[in-house]
2 protein chains.
Amino acid sequence: MACVPRRSATAVAETRAGVLDAAVRRASVDGLEGLTIGRLADELSMSKSGLFGLFGSKEELQVATFEAAVEHFTREVWRPVARREPGLPRLLALVDRWLSYHQRRALPGGCFVTTATIEFDARPGPLRDAVARARRRMHAALEADLRAAIDAGDLPASTRPADVAFALYALASAASTAIQLDEPGARARARRCMRGLLGAG
Amino acid sequence: MACVPRRSATAVAETRAGVLDAAVRRASVDGLEGLTIGRLADELSMSKSGLFGLFGSKEELQVATFEAAVEHFTREVWRPVARREPGLPRLLALVDRWLSYHQRRALPGGCFVTTATIEFDARPGPLRDAVARARRRMHAALEADLRAAIDAGDLPASTRPADVAFALYALASAASTAIQLDEPGARARARRCMRGLLGAG
DNA sequence: ATACGGTACGAACGATCGTGCTGTAAATCA
DNA sequence: TGATTTACAGCACGATCGTTCGTACCGTAT
């Protein structure tokens, strides 16, 4: 890829980005704990210590990888629908975008955020804090659009935004799992369920 | 527990059960990959090789642990409501039982089956087969009761049993995560969502 | 009474884990 | 241009991984 000794500022950024890209892909399959500095270095034809020095510790590598994955998700799912009008239209577009993110296997191991969340939800530490933070951010964004939809009269006033956000998130995660397990019709099923929550057929 | 050298048929079964009990507890926190023969042996004051010999390989230990966890779940959630009349009444009872299984932290790491499913859904092998099988069994049981509820007129005829089963499962898994992350009101929220699916307030 | 199967042990295997140390050469700053 | 910083490589470390070995013992079948 790059000849061995090259360290300009942009080259370093490229190295880091390349490492994180590979780390996200690997960890989506094996989990953040299954991530290994040695294997990652091999895949990138780097030395273990070189890669290690880039992050300082395995935990920092894990945190950086998780944040790169969140960024990936945001870029692939959230950003493309950001310009739609807030409220129900954007939510419906988001659902489609979200499910096709899973369906086309944007990451080989399915929804990274869900994987990491389940992996660390019972183990205190920086990783658990990071996944909790990402989850809250996701929920808040969903709730904001749900409230907009209620205000616009597109959803009944009795709708509880937090409940629907929770359910949408749950269904999207489960859709990823079902797709990974090759269950036929998983995406269509999840789509029906999610649209049902949003009052659409 | 037992004095060191004793190997009657029942003593062996006790050893095995003790190992699997500890393995389920540990793996619910660290995942089935995080399970380690050495640490498990230490916790039980056994030798690594003794424990190892009981299963033959780590993969067999993982499979046995997963099956023990499924058995645990069946015993704690499914069996207690088995005598209720099939259909909607049993489904409503199951929802409560299911959520309190998570809420009272019957296993320290939350829903084991969900953890294992996410851990292995992208990695072909005996464990992926096992989780897929457990998931199908769970779905089939839910669908059977959903159909009974439809036949009894407790749910509208337009209800799609497979969709509702998928959603119930998704919500229960997400509830476990939310509880593990100490989100306030998680259990009540999940209960509202799940009962909503079953047409109950 | 004797042979056998399987449980469990202690010691050790090679591999790999995360993490330090040291050297070096390029990028950066004076 | 010279001094400083730093991104990497190379090597080595102690720990731990899953696994194998040889051995001893108990329970059961012969």
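- The shortest non-hydrogen separation linking B:W98 to B:M194 is CE3-CE, 4.1 Å.
- Going from atom NZ of A:K58 over to atom P of C:dT19 covers 8 Å, rounded to whole Å.
- Atom CG of residue A:L142 and atom CH2 of residue A:W78 lie 4.5 Å apart, to the nearest 0.5 angstrom.
- Not less than 6.0 angstrom separates the ring centroid of B:F112 from the ring centroid of B:F73.
- With sequence neighbours left out, the side-chain hydrogen bond (donor to acceptor under 3.5 Å, both in side chains) criterion links A:R187 to no other residue.
- One finds no side-chain N or O of A:S57 lying less than 4.0 angstrom from the OP1 or OP2 phosphate oxygen of C:dT19.
- The minimum heavy-atom distance between A:I179 and A:R105, with the atom names listed, is O-NH2, 3.2 Å.
- Under the salt bridge (charged side-chain N to carboxylate O under 4.0 Å, His left out) criterion, the residue pairs touching residues 36-46 of chain B are B:R25-B:E43, B:R26-B:E43, with sequence neighbours excluded.
- Near DNA chain D, defined here as any heavy-atom distance below 4.0 Å, the residues from residues 41-56 of chain B are B:K48, B:S49, B:F52, listed numerically.
- Per the geometry, CD belonging to A:E60 stands 10 Å off P belonging to C:dT19, to the nearest Å.
- Under the ring pair (Phe, Tyr, Trp, His ring centres under 6.0 Å) criterion, A:F55 pairs with no residue, sequence neighbours left out.
- Only B:L35, B:T36, B:I37, listed by number, bring a heavy atom of residues 21-38 of chain B to less than 4.0 angstrom from any atom of DNA chain D.
- Separating the CZ atom of A:R16 from the P atom of D:dT6 is a distance of 15 Å, rounded to the nearest angstrom.
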Without placing hydrogens or testing angles, list every side-chain donor-acceptor pair under 3.5 Å for residues 90-97 of chain B, not counting sequence neighbours.
| unit_1 | atom_1 | unit_2 | atom_2 | d |
| --- | --- | --- | --- | --- |
| B:R90 | NE | B:D145 | OD2 | 2.8 |
| B:R90 | NH1 | B:A82 | O | 3.1 |
| B:R90 | NH2 | B:D145 | OD1 | 2.9 |
| B:D96 | OD1 | B:R191 | NH1 | 2.5 |
| B:D96 | OD2 | B:R191 | NH1 | 2.9 |
| B:R97 | NE | B:E76 | O | 2.8 |
| B:R97 | NH2 | B:E76 | O | 3.2 |

